[in-house]
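Please read the structure below before turning to the comments.
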Amino acid sequence: MKILYILDHYLNYHLDIVAELARELKNYDITVYVVSRKERDGENFYILKQPPITEINNLKRIVDREKIDIIHSFSFGYSGLLAKYLSNQTKKTLFYTFLRDPYTENTLVNNLISKYLNFLLKDSVLVLPTKINSPYLKPKYILPLGLNIDNYGNEFDNDLLIAFDVYNYKFLNKTSNINILIDHSHTLANLMPNLKIRIYTNNPKIYGKPHKNLDIREISKEFDAGIYYHGYQDQFIDLFMIKNMVRGGKVVLSSKSPLSYMFDDICVFKDMKELPHKVEMVRESEQDYSKILEMYNIKKLAPLYKYAYSNL
């Protein structure tokens, strides 16, 4: 069996995880080909640098040349629409994994989104990376994206608070509350003078000059593990957070996050005013995330992917 993965831009920061999944699936006679707009990070990677919709003919040639059986898109947006056209033209089975909630708090916009998703998901298989309570999205499979948890060291800085601002759709979607974290930096510094705050974002310049205990950097695949701030309310998976945990780091996250059900109350804040004290509590406590991390163990997930791809 041969699968073509078309990646959401968020996954371009995690090509190592996609490559790891591809390597594991080889053990089940599944060959994965990956379409990415970033650098190669494994076998069978096709780098398409032009806007995706202009690449439809190139993708059709890949599907034909490699004898692809299934197209799996990790996006409902631009790349997801491309995958739909590609599936229609090549008559291949289409899987979708949504990495974040496409719905907003605007009822009118949601009606338009529903019509779009009805088109997108018709004759397609919806897969989500976590359990959710949604009246709109009914996945056929729950398949987390995983990593080889044996490949990471157990080194983290308990005096470092880190955050990633990857999805920043301020018009329609909830943000990651990075600005609120920045606003809390003085309070955090007063509570914990040794605490350093580091934010990774697409465009550090928009945040201006940081405070002395605050460091704002461009997003990198390499980062020092610490206490991870997950402020998103619409992400179904945060691979930076998982990588931080597997290296011994800790987590604080919003109760409105779809991921919050997995964590103890000490890690979850219900109101942003609670954030400084939650960080302080997590910093001073011992946390065991081993049960959560087992959910993302790639060696256990690969046969589940095999089952989904083989039972259409």
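Owing to the predicted nature of the structure, the values given are computational and were not obtained by experimental measurement.
- Checking Ser254 against His230 by side-chain atom types alone, no donor-acceptor pair falls below 3.5 Å.
- Electrostatic pairing of Arg23 and Glu20 counts as a salt bridge here, judged by a charged N lying under 4.0 Å from a carboxylate O.
- Between the side chains of Asp238 and Tyr228, at least one donor-acceptor pair of N or O atoms lies under 3.5 Å.
- Under the 3.5 Å distance criterion, with hydrogens and angles disregarded, a donor-acceptor pair is assigned to the side chains of Ser290 and Asp288.
- Using modelled atom types, one side-chain atom of Asn244 and one backbone atom of Lys250 make a donor-acceptor pair closer than 3.5 Å.
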Salt bridge (Lys or Arg N to Asp or Glu O under 4.0 Å) assessment of Asp8 paired with Arg100: CA-CA 10 Å; Asp8 174 278; Arg100 61 180 183 86; 5.7 Å; no

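- There is a side-chain donor-acceptor pair under 3.5 Å between Ser114 and Tyr103.
- Under the 4.5 Å side-chain heavy-atom criterion for grouping Ile, Leu, Val, Met, Phe, Trp and Tyr, Ile142 is connected to Tyr96 within one hydrophobic cluster.
- A cation-pi contact, defined as under 6.0 Å to the ring centre and within 45° of the axis, is absent between Lys2 and Tyr33.
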For Thr97 and His72: C-alpha separation, side-chain torsions, deciding distance, then whether side-chain hydrogen bond (donor to acceptor under 3.5 Å, both in side chains) applies. CA-CA 8 Å; Thr97 293; His72 192 156; 2.7 Å; yes

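- Around CG of Asp183, the count of heavy atoms belonging to other residues, nucleotides or ligands within 6.0 Å exceeds 12.
- Side-chain polar atoms of Lys306 and Asn27 form no donor-acceptor pair below 3.5 angstrom.
- Distance alone, capped at 3.5 Å, is enough to place a donor-acceptor pair between the Ser124 side chain and the Leu120 backbone.
- A donor-acceptor contact closer than 3.5 angstrom is absent between the side chains of Lys273 and His184.
- Both tests pass for Arg247 against the ring of Phe223: distance under 6.0 Å to the centre and angle within 45° of the axis.
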Assess the residue pair Thr130 and Tyr261 against the criterion (side-chain contact (heavy atoms from CB on, under 4.5 Å)); give the C-alpha distance rounded to whole Å, side-chain angles, the decisive distance to 0.1 Å, and a yes or no. CA-CA 10 Å; Thr130 190; Tyr261 75 94; 3.0 Å; yes

Step-by-step side-chain contact (heavy atoms from CB on, under 4.5 Å) determination, Tyr207 to Asp165: CA-CA 12 Å; Tyr207 293 101; Asp165 188 26; 2.6 Å; yes

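- For the residue pair Asn110 and Thr104, a side-chain donor N or O sits within less than 3.5 Å of a side-chain acceptor on the partner.
- Remark: the Ser285 side chain and the Gln287 side chain contain an N/O donor-acceptor pair separated by less than 3.5 Å.
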